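Below: the structure, in structure tokens.
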Amino acid sequence: MTDRHHVVIVGAGFGGLAVAHGLAGAGVRITIIDQRNHHLFQPLLYQVGTATLATSEIAWPVRHLVRNRKEITTLLGVVTGIDTAGHRVLLEDGADVAFDTLVLATGARHAYFGHDEWEPFAPGLKTLEDATSIRRRILLSLERAERETDPLRRAALLTFVIVGGGPTGVELAGAIAELTHQNLRPDFRQIDTRTARVLLIEAGPRILPSFTPDLSAYAQTALERLGVEVQLGLPVSDCNAAGVMVGGRAVAADVVLWAAGVRASPAATWLEVQADNAGRVRVDADLCVPGHPEIFVIGDTASINAWHGKPVPGIAPAAKQQGLHAARTIKQRLRGATGPSPFRYKHSGNLATIGKRSAVIDFGWIKIRGWLAWWIWGLAHIYFLIGLRNRLAVALSWLWIYTTGARSACLITQVDHRPPPDATAAPARSMDVS
Ligand SMILES: Cc1cc2nc3c(=O)[nH]c(=O)nc-3n(C[C@H](O)[C@H](O)[C@H](O)COP(=O)(O)OP(=O)(O)OC[C@H]3O[C@@H](n4cnc5c(N)ncnc54)[C@H](O)[C@@H]3O)c2cc1C
């Protein structure tokens with residue numbers, strides 16, 4: 001095995017696993033390095049954050065996924081640099097891994113537009129830890145509200161702010177509205193969870209900007225029907241322990257969630273190459289780093305205008321297509337042939353769900369909304385989950401919640417040492433807790 005061409009894949013997300021899949025039978029040795037031991041189905045992460053699904057329903061140990069591929073070694077480790085001249089991947093613990101071909105598929109994280117100090121007050125959603133921490137914040141806020149006697153503080157505890165009106169923000173807002181306004185109502189005695197305020201703040205003129213204006217308008221109406229307040233056209237100017245500042249007004253809120261910006265992993269810094277303004281590596285048409293045909297960068301970490309001249313979007317199908325393209329290129333080069341034609345992204349559509357009864361879908365040639373779109377969204381997501389057991393488990397969880405309204409994942413699993421928020425401490429010019 002050791003004399004075989006060695007492909008190192010950093011990142012076992014959608015892109016990285018697609019490379020491994022595409023290299024099956026290629027006669028290469030593969031090492032997958034990831035800082036986590038699991039592959040995560042991020043599109044359903046918000047459902048863990050809102051107590052719909054359990055963590056094990058949307059994540060799978062990488063080692064287990066590739067157990068039948070004897071040519072693949074899986075390493076748990078944090079990559080901190082690349083020695084491009086020496087062809088080595090550098091790990092945080094001082095170890096290094098040599099490669100013949102390297103694929104960087106390290107994804108992206110949320111970004112705070114230069115205000116990283118907001119992160120502790122407005123966490124984003126990217127990892128399982130983020131999702132369970134968000135679930136804890138939401139449930140703890142309701143628990144504290146149940147014991148709070150001061151009306152101002154209780155209102156702050158029952159206010160949930162989501163910053164960013166893209167698909168993740170819309171999905172979080174709809175799910176929190178259903179959780180508080182419908183599902184948890186019978187569980188509390190002192191508070192009426194239907195009075196919870198769910199506020200979705202979008203700086204742009206409409207939510208779901210990647211959809212057509214009519215689908216955006218439909219999604220807004222559907223959210224409002226669930227009891228979500230949608231505030232458009234005003235950016236958040238501060239996040240702190242008391243809530244957010246938006247349009248010069250302070251909104252007192254115990255739970256503020258961030259779904260507004262994205263920043264690529266620091267692969268460009270590791271490689272000392274040019275990045276775009278979201279930190280993504282500008283790759284050549286074959287997805288390689290300029291001047292380094294042995295290093296591919298794919299998925300959310302790569303920047304390439306391969307969608308009819310437009311940038312490839314940061315979504316799972318794009319990462320998968322790039323992973324498969326990189327694998328094809330590696331195989332052709334090993335056969336001594338020139339690589340396949342330049343990477344071209346094929347877009348199959350945009351999907352977003354609004355609660356558990358409505359969704360919007362834009363396939364380009366057809367647009368669907370409402371319950372039919374929700375069913376298509378649900379079936380598509382079940383189809384893309386890994387393994388029959390998870391497909392059945394998720395379908396059953398959804399069916400259960402749909403018919404009974406009972407969410408089995410309402411668990412506070414980590415102790416929170418934060419002091420309860422003090423609504424009166426908001427940097428308020430005018431306090432808006434109505
Ligand atoms: C909340 C949320 C909802 C989403 N919803 C959708 C959706 O509905 N539809 C859709 O198509 N897309 C959706 N996306 C986007 C989609 O998940 C990404 O585009 C896709 O995951 C990108 O794949 P990737 O392989 O580039 O990165 P990822 O899948 O993010 O994988 C990156 C991997 O690299 C690892 N890694 C990162 N840094 C290091 C390091 N230094 N060392 C070692 N390992 C490292 C990570 O642990 C991770 O496993 C969503 C994303 C989020 C966050």
Side-chain angles (χ1 to χ4, degrees), residues 8-20 31-50 58-62 65 74-82 89-93 97 103-111 123-131 134 162 164 166-172 175 208 210 257-267 269-270 279-281 287 296-303 312-324 326 345 347-353 359-361 377-378 380-381 384:
V8 173
I9 301 168
V10 184
F14 288 105
L17 284 191
V19 180
T31 300
I32 298 176
I33 307 174
D34 202 296
Q35 61 193 359
R36 295 199 161 71
N37 82 329
H38 52 263
H39 169 74
L40 177 62
F41 191 78
Q42 291 167 26
L44 290 181
L45 204 47
Y46 81 96
Q47 297 212 352
V48 173
T50 53
I58 62 159
W60 306 268
V62 181
L65 290 177
T74 308
L75 299 181
L76 181 69
V78 181
V79 171
T80 50
I82 308 293
V89 175
L90 312 177
L91 303 184
E92 190 184 45
D93 57 12
V97 180
V103 184
L104 291 175
T106 38
R109 263 194 82 75
H110 32 271
L125 184 60
K126 178 69 188 174
T127 63
L128 277 185
E129 293 90 325
D130 294 337
I134 284 173
I162 300 102
T168 300
V170 166
E171 289 172 350
L172 274 171
L208 298 180
S210 57
L257 305 178
W258 191 261
V262 167
R263 178 128 203 110
S265 74
T269 312
W270 300 338
R280 291 175 296 220
V281 176
L287 305 173
F296 293 82
V297 181
I298 61 168
D300 283 4
T301 297
S303 167
V312 172
I315 56 176
K320 284 185 182 178
Q321 289 177 29
Q322 291 179 350
L324 292 174
Y345 169 65
H347 189 64
S348 9
N350 291 328
L351 290 79
T353 180
V360 285
I361 298 181
W377 173 90
H381 282 71
F384 284 115

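The model shown is predicted, which means the values in this text are computed figures rather than measured ones. Both ligands and their constituent atoms are indexed starting at 1 by order of listing.
Between Val281 and Ser303 there is no side-chain heavy-atom pair separated by less than 4.5 Å. Using a 4.5 Å heavy-atom threshold, the side chains of Asp130 and Arg109 count as touching. Contact annotation: the side chain of Leu44 never approaches that of Val48 to less than 4.5 Å [non-hydrogen atoms, C-beta and beyond]. Side chains of Ile134 and Thr50 form no contact here, defined as non-hydrogen atoms less than 4.5 Å apart.
For His38, there are no ring pair (Phe, Tyr, Trp, His ring centres under 6.0 Å) partners, not counting sequence neighbours.
Annotation: ligand 1 has protein neighbours Gly11, Ala12, Gly13, Phe14, Gly15, Asp34, Gln35, Gln42, Pro43, Gly77, Val78, Val79, Ala105, Thr106, Gly107, Leu125, Lys126, Thr168, Trp270, Gly299, Asp300, Gly314, Ile315, Ala316, Pro317, Ala319, each with a heavy atom less than 4.0 angstrom from the ligand.
Exactly one of Thr106, Val8, Leu90, Leu91 qualifies for a side chain to side chain contact (heavy atoms under 4.5 Å, CB included) with Val79. That residue is Leu91.
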